[in-house]
Amino acid sequence: MRALVVGWGDRPASPAELDRMRALVAEGLAQGAVGMSSGLTYTPGMYASGAELTELCRVVASYGGYYCPHHRSYGRGALAAYAEMVELTREAGCALHLAHATMNFGENRGRAGELLALLDGALAEGSDISLDSYPYTPGCTTLVALLPGWANEGGPDVVLARLGDDAASERIRYALEVEGSDGCHGVPVDWSTIEIAGTTDPAYGSYVGTRLRDWATARELLLGDRLGPSILQHVGHEENVRAIMRHPVHTGGSDGILQGAKPHPRAYGTFPHYLGHYVRELGVLSLEECVAHLSGRPAARLRLPDRGTVRVGHRADLVLFDPRTVAAGSTYERPRALPTGIPHVLIDGRFVMRDGRRTDVLAGRSVRRTPYRGR
């Protein structure tokens, strides 16, 4: 909405532009959207102020929806970024779902408890909050997203022009390697943590699966592949992943990105990885609790009244798995390998997977919240 109404500039929305964004939020929710999302480490989302987001969340709340932000930082300032989301939704009277909520980079090793304490305090005061996470330590994004916000201002063609200018490129390098750019969560980039997951131009395919060495290599890729490379960013901590998934308002979420020759294995493996690795192998969650994290709890957050539990009158969206053998299948080396131990899947009571084979049934459809009929 901000790109459509305000454009790619780093400036506040005018009163008229804010009114237009309010109208677009209302239109989407009236048509059946369940809420509003934002990418606050991405342009132009990062240019939105808290006050702007609060006003849009008021509209979301009026329709019974929820706000699902990718907040401003997962690195330096992560706790302050989470606190901003909690406070602005409290002020707006809006439910909050924190997308792929985790604590990454060296600054946040072992600090998941501080995030959970923040959420527990807000929940105790009556806030409606939930969160999701993927059961892996690396994140996944685009290489251009790491650049500072000022370098991304103006849209792709302007960004490419800056990258091609030696003086501007040096400013970008300094922001990335010394200052810690907002696109890299305020943390100076460690190129050894950046793995190329995919390129759009096959001429650069040899970079896929390799770690970056320096800014010169990153710049070459961004220019040659016209901002196309996707990356894995190996900056997470296993102790944080486990602590967050234990929280009672947690749900499983893949944050899956299918782009690239070597995508993150979470795109294919998140949910069986929870069941196989974190339930059967590690015992971090009980089987019953994990199933609730992956089905009933997200359905309740999405306010889908006839899904998420096995009950008479509900849609028969069912995954039948063997708890002794279910496993992700996908790995970092083979990210598109399919899961095992899931013989049957039904959508709306019809087999779409039967005895481990896909059927010809196309039972899926878009799922919308009941359209708003007025108050």
Side-chain angles (χ1 to χ4, degrees), residues 1-74 80-101 119 122-123 126-132 141 145 149 152-155 182 249 251 253 255 257 297-305 307 365-375:
M1 291 177 299
R2 195 169 218 277
L4 175 65
V5 175
V6 182
W8 291 85
D10 183 1
R11 64 173 179 81
S14 70
E17 288 167 338
L18 186 55
D19 284 343
R20 175 62 178 147
M21 285 193 283
R22 286 194 192 99
L24 287 168
V25 173
E27 179 183 1
L29 288 158
Q31 292 174 346
V34 298
M36 180 182 76
S37 182
S38 63
L40 302 183
T41 61
Y42 298 99
T43 54
M46 67 166 58
Y47 306 142
S49 68
E52 176 183 312
L53 295 167
T54 300
E55 289 305 307
L56 298 180
C57 282
R58 294 187 198 279
V59 180
V60 175
S62 73
Y63 283 84
Y66 65 93
Y67 178 40
C68 180
H70 172 116
H71 54 285
R72 297 191 194 276
S73 175
Y74 288 84
Y82 282 116
E84 179 194 16
M85 300 297 100
V86 170
E87 177 57 26
L88 73 83
T89 49
R90 184 201 63 77
E91 183 177 344
C94 184
L96 172 65
H97 180 84
L98 294 167
H100 38 278
L119 300 183
L123 288 163
S127 293
D128 182 357
I129 299 175
S130 56
L131 72 160
D132 68 68
T141 186
N152 269 311
E153 186 178 4
D182 45 9
V249 300
T251 67
D255 192 27
I257 299 174
R297 198 173 295 164
R301 167 50 78 204
L302 290 161
R303 294 186 171 89
L304 301 175
R307 288 174 170 81
R365 63 182 181 87
S366 61
V367 178
R368 299 188 181 194
R369 196 172 50 83
T370 302
Y372 182 67
R373 302 297 184 187
R375 295 182 183 276

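Heavy atoms only: backbone and side chains are in, while hydrogens, waters and symmetry mates are out.
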Set of residues satisfying side chain to side chain donor-acceptor pair (under 3.5 Å) with respect to [X], sequence neighbours excluded:
X: Ser130; result: His97, Arg301
X: Ser127; result: none
X: Tyr66; result: none
X: Thr89; result: none

Report task. Report the distance from atom CZ of Arg297 to atom CG of Leu302, rounding to the nearest 0.5 Å. Result -> 13.5 Å
**Report entry** Residues Leu131, Ile129; criterion side chain to side chain contact (heavy atoms under 4.5 Å, CB included); working and verdict
**Finding:** CA-CA 7 Å; Leu131 72 160; Ile129 299 175; 5.8 Å; no
Answer whether the closest heavy-atom distance between the side chains of [X] and [Y] falls below 4.5 Å.
X: Pro69; Y: Leu98; answer: yes
X: Leu29; Y: Val25; answer: yes
X: Glu52; Y: Met21; answer: yes
X: Val367; Y: Leu304; answer: yes

Query - side chain to side chain contact (heavy atoms under 4.5 Å, CB included) partner of Leu123, the single match among Val249, Val86, Asp128 - result: Val249
Query raised in the report: Can Glu153 and Thr43 be said to form a side chain to side chain contact (heavy atoms under 4.5 Å, CB included), step by step?
Result: CA-CA 7 Å; Glu153 186 178 4; Thr43 54; over 6 Å; no
Applying salt bridge (charged side-chain N to carboxylate O under 4.0 Å, His left out) as the test, list every pair that has at least one member in [range]; sequence neighbours left out.
range: residues 22-34; result: Asp19-Arg22, Arg22-Glu55
range: residues 60-72; result: Arg72-Glu84
range: residues 28-42; result: none

Report task. Would you kindly say whether Tyr82 and Ser73 are connected by a side-chain donor-acceptor distance under 3.5 Å? Result -> no
Query raised in the report: Where the side chain of Tyr47 meets the backbone of Gly149, is there a donor-acceptor pair that is under 3.5 Å apart?
Result: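 Yes.
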Report task. Spell out, as yes or no, whether a donor-acceptor pair under 3.5 Å connects the side chain of Arg303 to the backbone of Gly64. Result ->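 Present.
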What side-chain donor-acceptor pairs closer than 3.5 Å can you find for residues 3-12, not counting sequence neighbours?
from: Arg11; atom 1: NH1; to: Glu17; atom 2: OE1; distance (Å): 3.0
from: Arg11; atom 1: NH2; to: Glu17; atom 2: OE2; distance (Å): 2.7

Query - Residues Tyr42, Thr141; criterion side chain to side chain donor-acceptor pair (under 3.5 Å); working and verdict - result: CA-CA 10 Å; Tyr42 298 99; Thr141 186; 2.7 Å; yes
Query raised in the report: Which is it for Leu40 and Leu53 under the side chain to side chain contact (heavy atoms under 4.5 Å, CB included) test, yes or no, and what are the steps along the way?
Result: CA-CA 10 Å; Leu40 302 183; Leu53 295 167; 3.8 Å; yes
Report task. Under the side-chain contact (heavy atoms from CB on, under 4.5 Å) rule, collect the residues that match up with Thr54, sequence neighbours excluded. Result -> Arg58, Leu88, Glu91, Ala92
Query - With sequence neighbours excluded, residues passing side-chain contact (heavy atoms from CB on, under 4.5 Å) with Ala26 - result: Val59, Tyr63
Report task. Sequence neighbours left out, what passes ring-ring contact (aromatic ring centres under 6.0 Å, His included) with Tyr74? Give chain and number order. Result ->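 Counting only residues at least two positions away or on another chain, Tyr74 forms a ring-ring contact (aromatic ring centres under 6.0 Å, His included) with His70, His71, His100, His185.
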Report summary line: When every non-hydrogen atom of Met36 is compared with those of Cys57, the smallest separation belongs to CE-SG, 4.1 Å
